[in-house]
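Chain letters run A, B, ... following the sequence lines, proteins first, then strands; residues in each count from 1. All values reported here derive from a predicted model rather than from experimental measurement.
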Amino acid sequence: MSDDKKLPTRAENFSDWYNELVLRSELADYSPVRGCMVIRPHGYGVWERMQRALDDMFKATGHVNAYFPLFIPESFLSKEAEHVEGFAPECAVVTHGGGKLLEERLVVRPTSETIIYSMFAKWVQSYRDLPLLYNQWANVVRWEMRTRLFLRTMEFLWQEGHTAHVTHDEAEHETRKMLGVYRTFMEAYMAMPVITGLKTDSEKFAGALRTYSCEAMMQDNKALQAGTSHNLGQNFAKAFDLKFQTEQGTEAFAWNTSWGVSTRMVGGLVMTHGDDAGLRLTPKLTPIQVVIVPIYKTDDERAATIEAAKRISDELGSFTRPDHERIRVHVDERVGIKPGAKYYHWELRGIPLRLEIGPRDLAAASGMLVRRDTREKRPIAWDALRAELPIVLQQIQDDMLAAARARMEAHTIRERISYDRFKEIMAGDGAFVYAGWNGDPAVEARVKEETKATIRCIPDAEFRSQVAPTTCMVTGEPAKFEVLWARSY
RNA sequence: CGGGGCGUAGCUUAGCCCGGUAGAGCGCCUGCUUCGGGAGCAGGAGGUCGCAGGUUCAAAUCCUGUCGCCCCGACCA
């Protein structure tokens, strides 16, 4: 075995490990255009599972899908002051079309608030037209300086929810509700525990009243902002004249929310669960749940094991079954590759379960079932598969979440620490540090400058420490908030 | 945009200092033997050495310019 078949290890160089893994597991590849990536079938398969689950959750919470255009008149962006300041520097702008200079330049959407609320303004006259609960699946472009596969690319895929409401409280409720949807998705599907909370002013969305986020801990103890939900207040409604007549006959501006998650989550999945052998995909998001590796010596054995494998695959994965009863099975029929090589192949790609079927198993009508997450191996009878696989898959899903949660907790610091100690931690292994903050943005900026750590959020009540910190970690002044500090992606 | 590094086969690279027939490993193709943890042997395909100039009898190698990429910073879902 030569060394170049092995991945760099996480301990050696987490960043190299991540890049190599994404490329070698065939999730994605670099494109000819700097900062852009090609999402390959394996990676897109994960994204599709994410989309499907989230889309169902959006529908179940009353939202409808629509599609708004890629191009936005440049003037739209300028209508909301903070918004233009935040996004203008990273916009791609179309200046020519059909060989002619455009009268008004077109911005390639970095996000769609402006175009969507301008349309909402056309459609809303009365309080009876509200709420509007829209979502769109789209690509957006942000001209990033430094890019990383999945984590930050110039073009990325996402969904953006946009809603309009009669009252502030209703919008706030929606903002919180969708943050909860994200959290549920990340924990139940990605097996990635998150801390939810409020962003400080310096980290909030350009143009929002308040931004909430889901923050997850990667295996290098850095935080990944995995999803955001914004209460936009009336800022965009005022900019785009989105108003309605109230029940009392007066005129009022609508209250908006927007919320989004992106293909960045695929990167989060990799950095939450991957190990030195490759990806570990969760049973709910993996394109293939069980890979069957036939083992044989002779042509006859090959025919017999593959026949058995296909019969099992057809039975478990039949399209005639409803989706939730279907198990996604793949038979690795490739010739000229030894079983061991196939094991490495599928382990690299993170397939949760492997079923080995060889000549010895044929007579017994059984196979060897191996878990990717724990490497645990046990024999299983073919006629037990239909009943047992869903249980094992759910067990893997649960175990992965528990393991990720344990890891996060092991690298979380809640006891009172000095700022000097904090600097040591951030310069070393890193951690999630809960500490008091006096509420001063200057303190936040100073810590960022000195340690590269930022306030990830002011955590929601359930994540706060049992005994609230009373003083600011940096200044020693009375603490206004308990905040979560970490270095982030 | 500042600081550093690198462009040689699909990938990783040797050769460059000191100019003289472009080499290896992996991968790929064919055949035989293999096959329960990354197979072995034999044969084979694949390169205008990033690009453009210059010096020279002769340039992957020296000089100039240029383009691109990577890493570290400032900006970020």
Exercise. Could you pick out which residue, A/Thr147 or A/Ser262, lies toward the 5' side of RNA chain B when each is mapped onto its nearest nucleotide?
Key: A/Thr147
Exercise. Check if the side chain of A/Glu347 and the base of B/G37 share a donor-acceptor pair of N or O atoms closer than 3.5 Å.
Key: yes
Quiz item: Taking all atoms of both residues into account, what is the closest heavy-atom pair of A/Met218 and A/Met271, and its distance?
Solution: SD-CB, 3.3 Å
Quiz item: What integer number of Å spans the P atoms of B/G27 and B/U12?
Solution: 15 Å
Practice problem: Considering only atom C1', compute the distance from B/A58 to B/G20 and round it to an integer number of Å. | Solution: 7 Å
Self-check item: Test of ring centre spacing under 6.0 Å for A/Phe87 and A/Phe205
Solution: yes
Exercise. Write down the distance separating the C1' atoms in B/C51 and B/U8, rounded off to the nearest Å.
Key: 14 Å
Quiz prompt | A/Arg142 side chain, from C-beta outward: closest of B/G36, B/G38, B/A77 | solution = B/A77
Quiz item: Near RNA chain B, under 4.0 Å by heavy atom, which residues of residues 275-296 of chain A?
Solution: A/Ile295, A/Tyr296
Quiz item: How far, in whole Å, is B/A52 from B/A59 if one measures between their P atoms?
Solution: 14 Å
Practice problem: With sequence neighbours excluded, tell me which residues meet ring pair (Phe, Tyr, Trp, His ring centres under 6.0 Å) with A/Phe240. | Solution: A/Phe76
Quiz item: What nucleotide, of B/G36, B/C75, B/G73, holds the atom closest to the side chain of A/Asp361?
Solution: B/G36
Quiz item: Relative to the 5' end of RNA chain B, which residue comes earlier, A/Thr228 or A/Arg148, by the nucleotide with the nearest heavy atom?
Solution: A/Arg148
Practice problem: Under 4.0 Å between any heavy atoms, over every strand shown, what does A/Ser488 touch: base, sugar-phosphate, or nothing? Just pick one. | Solution: nothing
Quiz item: Using the rule for Phe, Tyr, His and the six-membered ring of Trp, do A/Phe156 and B/A77 stack at under 5.5 Å and under 30°?
Solution: yes
Self-check item: From A/Tyr117, A/Phe68, A/Phe236, A/Phe58, residue fulfilling ring pair (Phe, Tyr, Trp, His ring centres under 6.0 Å) relative to A/His162
Solution: A/Tyr117
Practice problem: Can you tell me, in whole Å, how much space there is between the P of B/A14 and that of B/G50? | Solution: 13 Å
Exercise. Mind checking A/Arg302 for me? I need base, sugar-phosphate or nothing, with any heavy atom below 4.0 Å counting as a touch.
Key: nothing
Quiz item: What is the nucleic acid contact for A/Arg334, judged by heavy atoms within less than 4.0 Å: base, sugar-phosphate only, or nothing?
Solution: nothing
Quiz item: Hey, does A/Gln225 reach any base, or is it just sugar-phosphate, or nothing, if we go heavy atoms under 4.0 Å?
Solution: sugar-phosphate
Quiz prompt | Distance-only donor-acceptor test (3.5 Å): side chain A/Arg354, base B/G37 | solution = yes
Quiz item: Counting only Watson-Crick or G-U wobble pairs whose two distances fall under 3.5 Å, which nucleotide matches B/G19?
Solution: none
Quiz item: Whole-Å distance between B/G36 P and A/Ile337 CD1?
Solution: 13 Å
Practice problem: Would you indicate, yes or no, if B/C35 has its OP1 or OP2 atom less than 4.0 angstrom from a side-chain nitrogen or oxygen of A/Lys342? | Solution: no
Exercise. Just call it for A/Pro359: base, sugar-phosphate, or nothing, with non-hydrogen atoms closer than 4.0 Å on any strand.
Key: base
Quiz item: Going by ring centres under 5.5 Å and near-parallel planes (under 30°), is A/Tyr344 stacked on B/G38?
Solution: yes
Exercise. Name the nucleic acid region contacted by A/Gly358, choosing base, sugar-phosphate or nothing; use a 4.0 angstrom heavy-atom cut-off, strictly under.
Key: base
Self-check item: From B/A77, B/C35, B/C72, nucleotide with atom closest to A/Pro339 side chain
Solution: B/C35
Self-check item: Shortest non-hydrogen contact from A/Met178 toward A/Thr61
Solution: CE-OG1, 4.0 Å
Quiz prompt | Check: A/Tyr134 ring centroid to A/Phe120 ring centroid under 6.0 Å | solution = yes
Quiz item: With a non-hydrogen cut-off below 4.0 angstrom, is A/Glu20 in contact with a base, only sugar-phosphate, or nothing?
Solution: nothing
Quiz item: Taking atom P of B/G73 as reference, at what distance in whole Å does atom NZ of A/Lys448 sit?
Solution: 13 Å
Practice problem: Check every strand shown and say whether A/Leu224 touches a base, only sugar-phosphate, or nothing at a heavy-atom separation below 4.0 Å. | Solution: nothing
Quiz prompt | C1' spacing across the pair B/A60 / B/A9, given as an integer number of angstrom | solution = 14 Å
Practice problem: For A/Arg146 and B/A77, give me the distance from atom CZ to atom P, rounded to whole Å. | Solution: 16 Å
Quiz item: If you check the A/Met145 side chain, which of B/A74, B/G36, B/A77 turns out closest?
Solution: B/A74
Quiz prompt | Nearest-angstrom distance from the residue atom CD of A/Glu90 to C1' of B/A74 | solution = 14 Å
Self-check item: Side chain of A/Lys338 (C-beta onward), nearest among B/G36, B/A77, B/G73
Solution: B/G36
Self-check item: Distance in angstrom units between A/Lys377 NZ and B/G37 P, rounded
Solution: 7 Å
Practice problem: Using Watson-Crick or G-U wobble geometry with both distances below 3.5 Å, tell me the partner of B/G27, or none. | Solution: none
